[in-house]
Amino acid sequence: MVARCYSGAINGVDASTVEIEVSSAKSTSSFAIVGLPDQAVKEAKDRVSTALKNSGFRTKDEYAITVNLAPADVRKEGPIYDLPIAVALLRATKRLRNEQLEEYAFAGELSLAGGVRRVRGIIPIVMEMRRIGRRAVFVPEENADEASVVPGIDVIPVRTLAEAVACLNGEITIEPHVTDLAGLVAAEEGHGDDFADIKGQENLRGAIETAVAGGHNMLMIGAPGSGKTMIARRIPSILPPMTVEEALEVSKIHSVAGREKGGGVFVTSRPFRAPHHTVSSIGLLGGGTRPVPGEVSLAHRGVLFLDEFAEFPRSALEVLRQPLEDGHVAVSRAAAAYDFPSRFMLVAAMNPCPCGYYPTDDCRCNQAQVLKYQQRVSGPVLDRIDIQCGVKAVEPDELENLEPGESSAAIRSRVIAARAIQAERYRGMRGVITNADAKSRDLKDICRLTDKAADALHDKLHALNLSARAYDRVLRVARTCADLKGRLDVTEEDVFAAASYRELDRGGDSFWA
């Protein structure tokens, strides 16, 4: 007899359908798995056989079992097929009475005792099963929260193989697991330390507000102790809430990477990733023998904070070019190609020299050392950073007299208002959410300049000797400055503000102080 059910195979951050076919015939006992399985899938025969025996599914008959995982030209990886193989095998040997097995999908690893263990990548698999019209998907109880964020398909959580079989036979009823993702996203508030803790740094605070409002990349350069890391760590408190679609998109990536927030709970707040500067190119970009998303993809729709920017390996920084420009990462292997989303906001911080105090009298570096250090970050990478700010330390005597700064709640309200304007502007434009995402061909219509603003931009273009890419980025930042003020057109004030954030283009020692 042949029995059939469904599961999925992970490809990048998406899943494809896998049909599990199990054929049984009374003969000398054997168990074969075909369909391009990896080692973990091949070992499923031992886990499944033992789990069946320890779950009470014994038989005096001997069977020749053949498991086919179709399509046969797609590589199957991991222990995710244990549960569907076991269920289809029971049906093939007539120990499962349910004759509509093909209407269901299954995913889960089996323990030797018959327990069902969590697996990674459950969200894209559930989304794929919904697409092909399965009635319900049986998942490990530990995966139920994240799996149930996908609407339109019943998610049945099971703890053991015996429980899954009893449910399919109608002996027990397991209610579908339900999660109100929309309610959780709506209830999400800004988190992290408050901007009210920061005294002074008004220019830097304004630059960060602009960067977050428009999703712009940002670089801070200043001496040790000037507050770069402190202020960057407070960015999560002013990030706008995610939409339900964004939450699903981000949760899918984290599910595939096996790094779900809270060890298995979907992501409802924007990611804030801060890898150490010893991270490798693969760790940053993604890949490996079994390609998984890297830090740039785990920061999708959120923030990637690179502290000590110049200390990162040159090779790691250079791989940022494609994701910063295109919003995705293409990882190619001999057997397949993978595409990982990576639309993130880069926030970087670095010192101006090895000792950190150039160009003050406290600097212990010679000019060659300073130049070599600054050149660790290449021109093409800097050209992709919209906002570049010098950070000066607040003097200790000033700290005692300064009042606390504006709260994160007040800043966040303006950011949310600016993002709402952008959401309306880019409605219907695929992949465009913020001004930083806007296509160059649309900038003329999006960034309508007043006459004075057009003249000011022309003057700044020649004064700063901007590249075509930098010119586009100035326009985007100016558009964000106007959105924060609620202006329909970009004014001269907005252009001056945007140009002032290109401090590296302006040059001079004043920037590095």
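Any value given below was found using the heavy atoms of this structure, including those in side chains, with hydrogens, waters and symmetry copies removed.
The minimum heavy-atom distance between V329 and P323, with the atom names listed, is CG2-CB, 4.0 Å. Between I433 and D437, the shortest heavy-atom distance links the atoms N-OD2, 3.2 Å. When all heavy atoms of R321 and V381 are compared, the closest pair comes out as CG-CG2, 4.3 Å. Taking both residues in full, the closest heavy atoms of K76 and A72 are given as NZ-CA, 4.2 Å, listed atom of the first, atom of the second, then distance. Nearest heavy-atom pair, L284 versus L306, reported as atom, atom and distance to 0.1 Å: CD1-CD2, 4.4 Å. Across all their heavy atoms, A44 and I33 have their closest contact at CB-CD1, 4.1 Å.
Salt bridge present: R314 and E318 bring a charged side-chain N and a carboxylate O closer than 4.0 Å. With salt bridges taken as basic N to acidic carboxylate O contacts below 4.0 Å, one links E325 and R473.
Between the side chains of T480 and D483, no donor-acceptor pair of N or O atoms lies under 3.5 Å. S237 and D194 are not linked by any side-chain donor-acceptor pair at a separation below 3.5 angstrom, with hydrogens and angles left out of the test. In summary, the side chains of N98 and N169 do not present any donor paired with an acceptor at a separation below 3.5 Å, with no hydrogens or angles considered. A donor-acceptor pair shorter than 3.5 Å cannot be found between the side chains of S16 and E128. A donor-acceptor pair shorter than 3.5 Å cannot be found between the side chains of H216 and N435. In the model, Y104 has no side-chain atom that pairs as donor or acceptor with a side-chain atom of R134 under 3.5 Å.
With a 6.0 Å cutoff to the six-membered ring centre and a 45° limit on the axis angle, R301 does not count as a cation-pi contact of F344.
Side chain of S7 to backbone of V18: no donor-acceptor contact under 3.5 angstrom is found. Judged purely by atom type and a 3.5 angstrom limit, R95 uses its side chain to pair as donor or acceptor with the backbone of F57. Looking only at distances, no side-chain donor or acceptor of S49 sits under 3.5 Å from a matching main-chain atom of D46. Side chain of S251 to main chain of V267: a donor-acceptor pair is present (N/O by atom type, distance under 3.5 Å, no hydrogens or angles). Within the 3.5 Å criterion, the main-chain N or O of T243 finds a donor-acceptor partner in the side chain of E246. Under the 3.5 Å distance criterion, the side-chain polar atoms of R234 are matched with a main-chain donor or acceptor of M230. E308 places no side-chain N or O within 3.5 Å of a backbone atom of A348 that could act as its donor or acceptor partner. Between the side chain of N217 and the main chain of L324, no donor-acceptor pair closer than 3.5 Å is present. In this structure a side-chain-to-backbone donor-acceptor pair under 3.5 Å is present from S255 to I122. A donor-acceptor pair under 3.5 Å links the side-chain atoms of Y81 to the main chain of G8, judged by distance alone.
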Please set out all donor-acceptor pairs under 3.5 angstrom arising from side-chain atoms of residues 156-167, sequence neighbours excluded.
from, atom 1, to, atom 2, distance (Å)
R159, NE, E163, OE2, 3.4
R159, NH2, E163, OE2, 3.0
T160, OG1, E163, N, 3.0
E163, OE1, R159, N, 2.7

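The side chain to side chain contact (heavy atoms under 4.5 Å, CB included) test with R75 singles out one residue from V41, L69, L36, and that residue is L36.
Summarising the geometry, atom CZ belonging to R91 is positioned 5.0 Å from atom CD belonging to E99; distances are rounded to the nearest 0.5 Å. Here the CZ-CD1 distance, from R425 to I446, works out to 7.0 Å after rounding to the nearest 0.5 Å. From R47, atom CZ reaches atom CG of D82 across 4.0 Å, with rounding to the nearest 0.5 Å.
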Test log, rule salt bridge (Lys or Arg N to Asp or Glu O under 4.0 Å), inputs R376 and E311: CA-CA 8 Å; R376 290 184 181 181; E311 298 295 338; 3.4 Å; yes

